[in-house]
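Read through the structure below, which is laid out as structure tokens, and then see the notes.
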Amino acid sequence: MIARVIVDVATNQTDRLFDYLIPAPFIDTILPGMRVVVPFGPRKVQGFVLEIGETSEFDIKKLKPIEELIDVEPPLTNELLDLSFWVKDQTLSFHIGVLKVMLPAAMRAKYKKEVHPHPDISIEDMSPHLKTFFKQHDSVLDWDELIKKGTDLERKLLMEGVKKQELRIIPIVGTGETKKKRNAVRPAFSKKELEQFKSSLTSQAKKQIDLVDYFISKPTEISVVELMETTQTSRSTINTLVQKGVLVQEEVEIRRDPYEGRKFERTEALPLTEEQRAALNPILNKMDKGEHETFLLRGVTGSGKTEVYLQAIDRALSLGKEAIMLVPEISLTPQMVKRFKERFGSEVAVLHSALSKGEKYDEWRRIRDKKVRVAVGARSAIFAPFENIGMIIIDEEHETSYKQEEAPRYHARDVAIKRGGYYKCPVILGSATPSLESFARAQKGVYHLLTMEKRVNNVQLPVVNIIDMREELKKGNRSMFSESLTEAMRSRLEKKEQMVLFLNRRGYSTFILCRDCGYVAQCPHCDISLTYHRTNQTLQCHYCNHIETPPTFCPSCEGDSIRFFGSGTQKVEEELQKVFPDIRVIRMDVDTTKRKGSHEKLLDRFGSGEGDVLLGTQMIAKGLDFPNITLVGILAADSMLHIPDFRSSERTFQLLTQVSGRAGRHEKAGEVIVQTYTPDHYSIVDVKQHDYVSFYQREMQLRKQAAYPPYYFLTLIHVSDTDLTNAIRVTEKICHYLRENLSPTTLIFGPAASSIPRIKDRYRYQCMIKYKVEPKMIKVLQEIIKTYQGEMARTDLSVLIDTNPYMMM
DNA sequence: AGCACGCCGACT
DNA sequence: GTCGGCGTGCTC
């Protein structure tokens, strides 16, 4: 018997199946989808068994046997294995990369090298330096750690030791899994025997008697910690009884429950509005018939999309099937989790980045072990290893975080539709502001469009006021708050209502500029300006972490007119305090939410009324639902509009609509104030009218003119090198090759310098492909990778291909 | 990616 | 003459 294995070596030459003999003990248990450790050349690596077969094209006598079988059950289902082929082809990724992304981080291979004293040599015979080294440390040392953290001398000693054969390096392939264990004890005796034992104890042994009494009344297993607490005894007393053989101590695996100790009250399905029912029915219909269809649910903010999702999932469960619900990382808030836990109780597993590796692993195993039937999570949860999926939902489907920006560059939306096809189940893409791609497909009838235009309980959409900041300047108002916004904030403070202020930039000042000569501090390694960080008084590069102290005189003209420009949330907070000295501000951005659980804490504080203002970046745009918010202020609506990306208008419209949606979701009416320097731009005007369709139509015209998606598909090839001329040369060759080999209707742009032409001293060039139908595309791109793989391995050259890119930089 | 094999320069 | 530089090629 032969196993065909994908090995954990991410290179072009090894991106294929390798055959291995299956040793007799594994023959009956080995299955496709299992992880193995195999010898590969001179070392050992982890691999995934994809196929089991009888024969090999390779010389059977030369096959090596599998070293180790890691799994008892295959972590990857047959469906996921099939899917992995599709994903790696579509995204031009290494197969191993796709297989790994399907598993929780804790299950990916860990490689380490252990440093041992050579077995034939006694420590005493080693060279004196090493002798002291091993005496100071444990006798088994981790090579990588020593190399990374050790001193130069230590490094030198180690190298010498290896050369002189005094040390041996043993590579270890680990699985990285850790199951949380706890010590527990249970009685080894029956009740009667315990009574007997008790009477043999002297009255001095009071604590032992307490323990025995406990087990007489409750003869079941209990964790040591819990036992100590309930009986007020110490570990040593328990140990004594273990020693005497009265109690048995065991390690019991426990599941890490990220939501431990939290009570979720069960809720029932809410009554649906007319619109909700009209949206839900066709979905249920398809589900009942066991047919696949992709639905695009466009519902304004507050129209009750979540309730539609919940009831759709409920139907899947009552049909005996499972459901996956994807939420953008940023809006996977405790509020959202709570809503799912309340409806589906212990049927829900939650997968998101705030969980520890171990917690994620445990939640993932609950899915694989069929302990739960609903998976809620961010992008990678689309690979939840269910085997009978009845419903897949992508909330906020327009969110760019569904596209993974490193290899494998997959889009969760595409994977969702692929899996939906496999399981013949409906897929819902939900959003108040669908991506143009999805809405265009719905218009063409590829997706089934469902619309919800009204908020539930007939709550009105907030009134949106657009403030022209150029007028404010003319009036002499140079602060970051317009008169209207200041007044609106004052009235909320008086009425004790809450508000949200949104600014798309964190930190303090974004750049420094010389007023005399226009000098802007630039990063020496990147073509980007440096950002001023007030906390440590430094200028920092956002791309390479270069740090320098801000100059007091202009390095260019030697004048003293250096000024800080642009403002972040930190500065807004200060300004707010100046205008309203008593205002209570809760600031939420990357800087204030770094610690685990701080996100939740800040929201709880705001929810309980501890703050008047929630001031934040992106992360406050979604999912917030507090009844007392009656004002939303958007400080710089056009900050996104000027990013060189064909989607910048779309992003602006989506973001403004999402943020606006935070206001007046309940009894109290909401108001939104949008500050902008471009009040006539359609992506801002259409927010005022809450008119998605109007925005869509205008934006589509521009996309058509400029030959962008949804009219064309895009592929972006990024070429970078420390050598500028070589980067250009390679990009030129690639463009030439594409023009020769793709159809004449396909548009090829390039070579063009990237919008940030240099990052970390690497020069960046691009080639953009726009196409409608191009059956040879994948083949041609594979050919390009093949052409440059050698040069990429040898030199600093890098060629990356992004099919369907979302980051144009 | 690692790692060994292999073919040319500066050293005991 | 050897030690070691990193170019080339392979891993079932």
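Note that the structure is a prediction, hence the values are computed from the model and not measured. Order of the sequence lines sets the chain letters (A, B, ...), proteins ahead of strands, with each chain counted from 1.
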- For the pair made of CZ in A/Arg4 and C1' in C/dC12, what is the distance, rounded to whole Å? 11 Å
- Single hit among A/Lys770, A/Arg739, A/Glu774, A/Lys776 for side chain to side chain donor-acceptor pair (under 3.5 Å) with A/Thr746: A/Glu774
All N/O contacts under 3.5 Å from nucleotides 6-11 of chain C to the protein, with atom names and distances to one decimal?
from, atom 1, to, atom 2, distance (Å)
C/dT11, O3', A/Gly41, N, 2.9

- Query: Roughly, in whole Å, what's the span from CG in A/Leu21 to C1' in C/dC12?
  - Reply: 9 Å
- Query: Of the options A/Glu387, A/Glu322, A/Glu363, which is the one that meets A/Arg368 in a salt bridge (charged side-chain N to carboxylate O under 4.0 Å, His left out)?
  - Reply: A/Glu387
- Task: Using atom CD1 of A/Ile96 as one end and atom C1' of B/dA1 as the other, report the distance to the nearest whole Å.
- Result: 13 Å
- To the nearest Å, give me how far apart OH (A/Tyr111) and P (B/dC3) are. 12 Å
- Query: What distance separates A/Cys544 SG from A/Arg758 CZ, expressed to the nearest 0.5 Å?
  - Reply: 9.0 Å
- Message: So, using ring pair (Phe, Tyr, Trp, His ring centres under 6.0 Å) as the criterion, who are the partners of A/Phe383 when residues are at least two apart?
- Response: A/Tyr410
- Query: Which atom names give the shortest non-hydrogen contact between A/Pro775 and A/Val773, and what distance separates them?
  - Reply: CD-C, 3.9 Å
- Message: In whole Å, I'd like the distance from the CG atom of A/Asn12 to the C1' atom of B/dG2.
- Response: 16 Å
- Item | Ion pair A/Asp8/A/Lys100, N-O distance below 4.0 Å | yes
- Task: Would you check if there is a donor-acceptor pair between the side chains of A/Glu732 and A/Tyr765 at a distance under 3.5 Å?
- Result: no
- Message: So that I know where these two stand, are A/Phe18 and A/Phe40 an aromatic pair - ring centroids less than 6.0 Å apart?
- Response: yes
Please list, for nucleotides 6-8 of chain B, all pairs of protein and nucleotide N/O atoms separated by less than 3.5 Å.
none

- Send over the distance from A/Lys112 NZ to B/dA1 C1', rounded to a whole Å. 21 Å
- Note on the structure: Here the distance between atom C1' of B/dA1 and atom CG of A/Asp8, to the nearest Å, is 10 Å
